Amino acid sequence: MKTLLSFVLISLLISGYMSWQQDNHPEMLKKGAEISEKLVKAITTKLNMEIQKNGLPGAINYCSLEAIPITDSISKMEQVEISRVSHKYRNPLNAANAREIEMIDEYISRHGKGELLTAQVVSEDGRLIYYSPIVLGSPMCLSCHGETEKIAIGVRDVLNEKYPDDKAVNFKFNEIRGMFKIVF
Ligand code: HEC
């Protein structure tokens, strides 16, 4: 029984990985890292600035790639499509697909064991896609993604109205929030 179960599990794993291929593309890994680092910095700076200027409710629209102009210029310059995907998403447009959820689960499990998390390039339908994990690495993120009861009422009201099906709450500090996705 146990052998059968392992067999089924292994087959599932293999079939899950058959539909796409993980590749090692050093130049894409480098480019992807550069782009995602720039964007993380830009979003965090923008969020901090808006929080200081207008308070948390006033900053809600700025945790978005669209809200920072360099996303557009980088996309055009590098001819890439940039997005963020999550298993627990706020904007349904950022929902991870089945394969991406597998990748996020893997990151969560490795992160839990304290392993180093590395970016990956996979090829799908003839296109190369770079993924890197996003960790909730700043306490500031929790003001909008942390425990529901601890999110300020003014923020909660705006979130409820804008994102009625919000799944991006109850995260803890240092948890995996999702992945950067850069389609080359
Ligand atoms: C002021 C509130 C606020 C703060 C602070 C905030 N976020 Fe967000 N976050 C949002 C909103 C609103 C969205 C949905 C944006 C959209 O519609 O595209 C979002 C979306 C995201 C997404 C895209 C996936 C999804 O759920 O739609 C990620 C990843 C993310 N946030 C990570 C972070 C991280 C990491 C931090 C801390 C550096 C952070 N956020 C801080 C409000 C916030």
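Every number for a ligand or one of its atoms is a count from 1 in the order of the listing. Fair warning: this is a prediction, and the values are worked out from it, not measured in the lab.
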### Message
Is there a polar contact, in the sense of an N or O pair closer than 3.5 Å, between Ser143 and ligand 1?
### Response
no
### Side-chain donor-acceptor pair present, Lys162, Asn91, cut-off under 3.5 Å
no
### Protein contact to atom 27 (O) of ligand 1 [nearest heavy atom, distance to 0.1 Å]
Asn94 ND2, 2.7 Å
### Query
Hey, does Ser64 come in under 3.5 Å of ligand 1, counting only N/O atoms on both sides?
no
## Note on the structure
Heavy-atom proximity to atom 35 (C) of ligand 1, picking from Pro139, Cys141, Ala67, points to Cys141
### Query
With a 4.0 Å cut-off on heavy atoms, is Tyr163 touching ligand 1?
yes
## Note on the structure
In terms of its nearest heavy atom to atom 12 (C) of ligand 1, the top option of Leu93, Ile60, Leu65 is Ile60
### Task
Could you see which bit of Arg84 sits under 4.0 Å from ligand 1, with heavy atoms only: side chain, backbone, both or neither?
side chain
### Task
Kindly determine whether Tyr107 and Glu115 satisfy side chain to side chain donor-acceptor pair (under 3.5 Å), including the steps that lead there.
CA-CA 9 Å; Tyr107 276 131; Glu115 289 174 26; over 6 Å; no
### Query
With backbone taken as N, CA, C and O and side chain as the heavy atoms from C-beta onward, which portion of Leu47 lies under 4.0 Å from ligand 1: side chain, backbone, both, or neither?
side chain
### Task
Return a yes/no value for Arg90: is any of its N or O atoms, backbone included, closer than 3.5 angstrom to an N or O of ligand 1?
yes
### Query
Is the NZ or CZ atom of Lys31 positioned over Phe184's six-membered ring, under 6.0 angstrom from the centre and within 45° of the axis?
no
### Message
Arg177 versus ligand 1: do any nitrogen or oxygen atoms come within less than 3.5 Å of each other?
### Response
yes
### Message
Just by distance, no angles: are the side chains of Ser86 and Arg177 close enough, under 3.5 Å, to form a donor-acceptor pair?
### Response
yes
### Task
Could you tell me whether Glu147 and Lys172 have a side-chain N and a carboxylate O separated by less than 4.0 Å?
no
### Sub-3.5 Å N/O-N/O distance, Tyr89 and ligand 1
no
